[in-house]
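Working notes, beginning with the structure itself.
Letters A, B, ... mirror the listed sequences (proteins, then strands); counts begin at 1.
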Amino acid sequence: MWSKPWKFAEGITIGAGLILVGLMLQFTIGPIDWRLLAYPFNTILLAIYVLVLGILYAVRKHVYVIEWTMTIYAAVPALGYGVLVTLLMGLSGWDQMLRSWPFTLVYIWLMNILGLITIRRILHFTQGGIVRNLCFICNHLGLFMAMVCGTLGYADMQKYRLTAKVDQPEWRAIDLVGTLMPPKVVELPLAIELHDFTIDEYPPKYVVIDNETGMIVADSPWRIRQDSIWEYAAIVYGCKDSLGNQDMDRYVEWPSMGACTAGFITATRYASAKEAAEGQGSVLETKQGWVSCGSFMFPYKALLLDSLYSAVMPDREPKRYASDVTVYAANNQKMDGTIEVNKPLEIDGWKIYQVSYDSALGRWSDTSVFELVRDPWLPWVYAGIYMMLAGAVLTFITAGRHRH
Amino acid sequence: MLISWQHFPYFAIPSVLLWALGAYYSFREKKTLTATFTLLGIVLFFAFICGLWISLERPPLRTMGETRLWYSFFLPVAGIITWSRWKYRWILSFSTILALVFICVNLFKPEIHNTTLMPALQSPWFAPHVIVYMFCYALFGAALAVALYLLFVPTKRDDENIWNMLDNLVYVGLSFMTIGMLFGALWAKEAWGHYWAWDPKETWAGITWLSFLVYIHYRQLSRNAFRSKVAIFMVIISFCCLQMCWWGINYLPSAQGKSVHTYNMK
């Protein structure tokens, strides 16, 4: 070992050395606080890092370790250690790995290699096939940019949670990145006025449950058919029928706050679960009645089928939830819009996400919870991601061609 | 009439028979017949997916049963693309057998709850993200077969064509994996506010990606000098990481309740 040319053994040793140094740092100075790198330190650090990589590249002929770092003999063990430290995190589920020194040093080593070989390839762009070089640069520089800018930019990322009530403009939010406990409430440079919050739900479902366990039974002999439905209903207890006899509880249409969904169903029992699933065979027994998933005002209602089974309507699944808002930002900027899951609203460098609502009130919620994210380094990370995407396409096109 | 899982056997069994015919003719080196039968099988199988898509009113990509459906679809697709490009005679037999395994799982252990699509999954990114990943899984499945072949038939390790085949499959598989992963990152930014949050699924996707990169870089070194078992094991280990990423984390104790990527677990 350590006789030129260096091979894998040196790389494996260097990686082990980095882990060891990392552990020593971990036990002496403790975990890394990435938030300390906030602007302008991250910008200065990035400039210094790129400069250092340039200088290292310039003096590579004089320092053997740099020359070796730019070979596959360094890349393979570095990637191997990358797999190892990430694998440890994946297996243990220990998130603090991201703040640990061994993890960070291994990834810095990987970034050094990426940086140096990218510089070499850019300076020798015209040699050995333009398309191959372009593919190489997209893959390597893209990853370098995405990872370095993503990591350094983390300190500048702002993330807040804001809870808005209908018709009450709100500008105070909880800082989600800060580690302060109790959470710090801050005043934001923008305000959200919630006009309306709506939930669209999927049509109600009916399932058969086991009376003892309350678990859904997939293969019961009962088949359920919906006869009628009130999307907005209220329960009326102990109604009388047309003959004046005491009737069962029933539901009426009631389009008002707190209404629940109720369905009138017919359940039929077949000889076997298979017959019930197909709806074919002789009907042994029939039951009718109301079932409801309930709401914050009304209880849920099940229909007892027999000693083993009941029919119920599970809580309706949300299909879409959306907030109609007006957002006021600095410099008299104002924007009306709808914020939905997967459809954030963008204003003045902020992205506003729909996160939650008052789940106790469900579709009657007059509250909407948003997350506001601002990440000034995002364009640089995206530039890296798009380069990697281009690189992946070029890799696909060129795979297997330069081999023959 | 709406297509449902009840009709699955009527599409799946003829598809497998057509793929088997294609595989048979690829051994006989009858190119037209190979392509015709395999493509017919693919079209028939895809018709079922489309029918299911229409009747569910959402892309069938959510439950494990539904992703297996795509996997059994993409295996022959990856097979026919590989076959048309490099003319490996065995590849269609392999893709047919593996597709058959996944079809059988769906026939005998369906897990096909007719679940609706929650708001987080309603995005234009949903279909491309999962479909590209499924395609890459299929390619890596083929790469694993080549690696195992080299492992158990040591005399073939001197055959440069087989190594080229393995390299090609990993290269193409990794390009698709990169695209799938980055589509996931772009989607995550729109849905959850950050492109990479080290969620267990993301962490394992990263591990798998790096792991295949180890193989690719190792093979760069010198294609003649490195025909050792090491490269073969790199593919096998990477494939194991892939399985962990795909379904293993559902059972990994340290990942329980942490992942926002679990949609089909109750």
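Residue contact with chain B, scored on non-hydrogen atoms closer than 4.5 Å, involves the side chain of A:V381 exclusively. With a 4.5 angstrom heavy-atom cutoff, B:I216 does not touch chain A via any of its atoms. Contacts of A:I199 with chain B are absent, with no heavy-atom separation under 4.5 Å from either backbone or side chain. Neither the backbone nor the side chain of A:M97 comes within less than 4.5 Å of any heavy atom of chain B. Of the two parts of B:Y195, only the side chain, counted from C-beta on, holds a non-hydrogen atom closer than 4.5 Å to a non-hydrogen atom of chain A. Both the backbone and the side chain of B:L213 come within contact range of chain A, each with at least one heavy atom under 4.5 Å from a heavy atom of that chain. Proximity to chain B (any heavy atom under 4.5 Å) is restricted, for A:L378, to the side chain, taken from C-beta onward. Using a 4.5 Å cut-off between heavy atoms, B:M165 does not touch chain A at all. Proximity to chain B is absent for every atom of A:N139, based on heavy atoms less than 4.5 angstrom apart. Neither the backbone nor the side chain of A:L84 comes within contact range of chain B, judged by heavy atoms closer than 4.5 Å. Proximity to chain B (any heavy atom under 4.5 Å) is shown, for A:F396, by both the backbone and the side chain.
The one candidate from B:F183, B:W192, B:Y133 that meets the ring pair (Phe, Tyr, Trp, His ring centres under 6.0 Å) condition with B:W125 is B:F183. Paired with A:W68 under the rule ring pair (Phe, Tyr, Trp, His ring centres under 6.0 Å), one option of A:Y73, A:F8, A:W6 passes, and it is A:W6. The only option from A:R320, A:R363, A:R316 that meets the side-chain hydrogen bond (donor to acceptor under 3.5 Å, both in side chains) definition with A:D200 turns out to be A:R320.
For B:F140 and B:F212, the ring centers sit closer than 6.0 Å to each other.
Between chain A and the residues B:T203, B:T178, B:I207, the largest count of heavy-atom pairs under 4.5 Å involves B:I207. Between chain B and the options A:L110, A:L91, A:D95, A:L372, heavy-atom pairs under 4.5 Å are most frequent for A:L91. Ranked by non-hydrogen atom pairs under 4.5 Å with chain A, the options B:L174, B:V170, B:I179 are led by B:I179. Interface check for chain B: of the options A:L79, A:V85, A:I385, the most heavy-atom pairs under 4.5 Å are formed by A:L79. Heavy-atom pairs under 4.5 Å with chain A peak, among B:M244, B:Q6, B:M234, B:H194, at B:H194. When each of A:V355, A:N342, A:V373 is checked for heavy-atom pairs under 4.5 Å with chain B, A:N342 comes out on top. Top candidate by heavy-atom pairs under 4.5 Å with chain B, chosen from A:S92, A:G80, A:A75, A:A78, is A:S92.
Within 6.0 Å of CH2 on B:W90 lie more than 12 heavy atoms contributed by other residues, nucleotides or ligands.
Ion pairing between a basic and an acidic side chain is recognised when a charged N comes within 4.0 Å of a carboxylate O; A:E346 and A:R374 show no such pairing. Ion pairing between a basic and an acidic side chain is recognised when a charged N comes within 4.0 Å of a carboxylate O; B:D167 and B:R219 show such pairing. A:E371 and A:R161 are joined by a salt bridge, as a carboxylate oxygen and a charged side-chain nitrogen come within less than 4.0 angstrom of each other. A salt bridge links B:E190 to A:K351: at least one charged side-chain nitrogen sits closer than 4.0 Å to a carboxylate oxygen.
Of all the heavy atoms in A:V76 and B:Y218, the pair that sits closest is CG2-N, 3.6 Å. Among all heavy-atom pairs drawn from B:A78 and B:A138, the shortest one is CB-CB, 4.2 Å.
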